[in-house]
Every structure is written in C-alpha cells, then in structure tokens.
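None of these values were measured; they are calculated from a predicted model. Values below: every heavy atom of this structure, side chains too, minus hydrogens, waters and symmetry copies. A, B, ... follow the sequence lines: proteins, then strands. Residue 1 opens every chain.
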Amino acid sequence: MQLRAMSLSRSLPATTESSNPFVSFCYSPTAMTPTKRFKRTGSRNSLQPSEPVRKTRRSLRPKPNPSPQSPIPFGKTKTLHRDFFLIDALDLAPRLLGKFLRREDVVLQITEVEAYRPNDSACHGRFGVTSRTAPVFGPGGHAYVYLCYGLHMMLNIVADKEGAGAAVLIRSCAPISGLDVIQQRRGLKTEKPILLTGPGKVGQALGLSTEWSNHPLYTPGGLELLDGPEPENILVGPRVGIQYALPEHVNALWRFAIAGTPWISAPKNTLRPAL
DNA sequence: GAAAAGATTAAA
DNA sequence: TTAATCTTTTCC
C-alpha cells in the first residue's frame, strides 16, 4: 500500500507546485483510509492505540502506515514563511508535526520532535555562541546540524527571533517519497519504522552533514520545510537522553509526537496524550 | 594541551 | 547490554 502511494508520487514531476507529490499522496485511497489499529480506545492507557494487535497472525496484520493520521487535504504545498519560525520553540515544536522535510526527491513527514529553549540546561545554546551553535542564535527557520557521538547527524530547526538561542530537534519522520534513496542511505531495505525513528536516522536518510547547518528552510532549493496536515492528536513527554541537565529540564514535557503513528522513536512509554 | 562526555545506533 | 566514534567544551 505504502509502496503504491510512493511509486505513484515518484512518477510525477516534483518541481512545480501544481504537480507536487503530496497532493497525490494525500488524496490516494490508501492514505485516506485510517487503519483500525490506530483508532483510539478512549481508555486510560493512551499508548494502547499505537501498539500492534497482539493476537492477530503476522500475515494478517496491517503493515505500518506511512501516514500518521488521515491527512487533511491541502491544495498547494509550499515552503513556510520565515515568520512561521519566529516563535518560542515550545510553540513551534508541536506545530512542526505533520510538516514535510524535502531534499530533492526525498520527502519525510515530521512525526516526533523536541523543543530546546533559552535558559534550558539541556540546550546546546547553554554555553553561549560558539562556532558550532552559532546557527541556534540566528533567526528561526534555519537548520542546525551537529555531530553526535562522533557518528550521527542531528537535524534541528532553529526557533524564535535572532539572539534567542532555541531550536527543535527532529527525532522521527515517516517516509513520503524517495523510499529507495532513503533505504540506500540508511543501508536498510525495509519500510518498517526502524527506518526513520530516531534523530540520527533522519539525518542519515536526508544525507546531511554539518555543512547543512545554518541552511534556510523557508526558501526553495536544498533542504526545505513544506506545509503539511495538522495532526488530530498529539502526545507529550519528557525529552530523551538529557540526564546531565537540571531536574526541572529533565522532567519538562517538551517532547511531542503524533498520536497513533508507528513512526516514533524509543522510549514510547513516556509519552501521554496532550490535554 | 588533555580529557571527559555526549539531544545515538545497531548488534550481541 | 555495549562497542563504535570524534567533535565540542571544559579543566588544569
């Protein structure tokens, strides 16, 4: 199913607005049909919906759906205005959910993010402006890419006005277009969530290096952020891997994800429905 | 100038 | 559970 939507979009020219791949994706019958498995039960356990059905035979189980929710149809897909990014990272983070990241033929939909803010003991900006973190202190709407553990390229989207020092980490995405390129870069011939759930995986799938740091995302060309459907429900939780920070920042619920999607990194059991 | 630690991942 | 891997930042 997923492959059908993707190969369909690949067959279309992706350069002009009128024939962009998302329109065909969002109107494709498979994308418009929500899978039963993702329906909310309304019980107290919010995580129930995203877990696979246990007692169904493997061959009968529905495959992971690249569409995190029923997409809201939208006519034109375009880059967002730079003003979109000039807000508190805590406000920007959830608004990035559902949006599209595009680099040439590869298109990913953002499914999980984390906010990093001024006066945040977990934020890279906590040491002030350095050669690495300079983009974080620039105006919102630019990429901030850094090397983590000497291996992984982590993509952030700079938030707020110039001088603030805030950014949103992209933790997970769903593949929308360019699956073969994504798989090639990842070295994985799969379409399961393992392909793109984790910040290092997103950077690898987009073929990023630190040279992309400070690249504007609101102008056509290179790496772009495009408008996308707003998720129906959102999950929140504490951020991952920041045990070195102050308790108030370790515990802050600044991690956001689209409810019901399988495209969320570990740990998932710390996420709860937003109010 | 040296050393520790890190917004992680994949394999055992 | 742990090794891989290297830049950034801090400490002496």
Per-nt protein contacts along nucleotides 2-12 of chain C (heavy atom under 4.0 Å; B base, S backbone sugar-phosphate only, - none) come out as --BBBSSSS--

All stems that DNA chain B takes part in, i.e. 3 or more consecutive Watson-Crick or G-U pairs with distances under 3.5 Å, are B:1-6 with C:6-11, B:8-11 with C:1-4

Under 6.0 Å from the six-membered ring centre of A:Phe127 and within 45° of its axis: does the NZ or CZ of A:Arg132 meet both? no

Looking at A:Asp83, I'd like to know if its CG atom is crowded, meaning that more than 12 non-hydrogen atoms belonging to other residues, nucleotides or ligands lie closer than 6.0 Å.
yes

Open item on the list: So A:Arg126, base contact, sugar-phosphate only, or nothing? Heavy-atom distance under 4.0 Å.
Closed with: nothing

- Query: Under 4.5 Å between any side-chain heavy atoms of A:His142 and A:Pro216, yes or no?
  - Reply: yes

Check this for me: A:Leu246, atom CG, are more than 12 non-hydrogen atoms of other residues, nucleotides or ligands nearer than 6.0 Å? yes

Q) When you look at CZ of A:Arg82, are more than 12 heavy atoms from neighbouring residues, nucleotides or ligands closer to it than 6.0 Å? A) no

Can you confirm whether the side chains of A:Thr133 and A:Thr130 place a donor and an acceptor under 3.5 Å from each other? yes

Result for side chain to side chain contact (heavy atoms under 4.5 Å, CB included) between A:Lys192 and one of A:Leu196, A:Ile194, A:Leu195 points to A:Ile194

Separation between CD1 (A:Ile157) and CZ (A:Phe84), nearest 0.5 Å, reads 8.5 Å

Partner of A:Tyr116 under side chain to side chain contact (heavy atoms under 4.5 Å, CB included), picked from A:Val168, A:Leu90, A:Val136, A:Leu169, is A:Leu169

Between A:Leu188 and A:Gly241, the residue closer to the 5' end of DNA chain B by nearest nucleotide is A:Gly241

Its 5'-most and 3'-most nucleotides having an atom under 4.0 Å from a non-hydrogen atom of chain A, DNA chain B is contacted over B:dG6 to B:dA10

Just to be sure I understand the rule, does A:Ile242 reach a base, reach only the sugar-phosphate, or reach nothing, if contact means heavy atoms closer than 4.0 Å? sugar-phosphate

Original post:
Under 3.5 Å, is there a donor-acceptor pair between the A:Arg186 and A:Gln204 side chains?
Top reply: yes

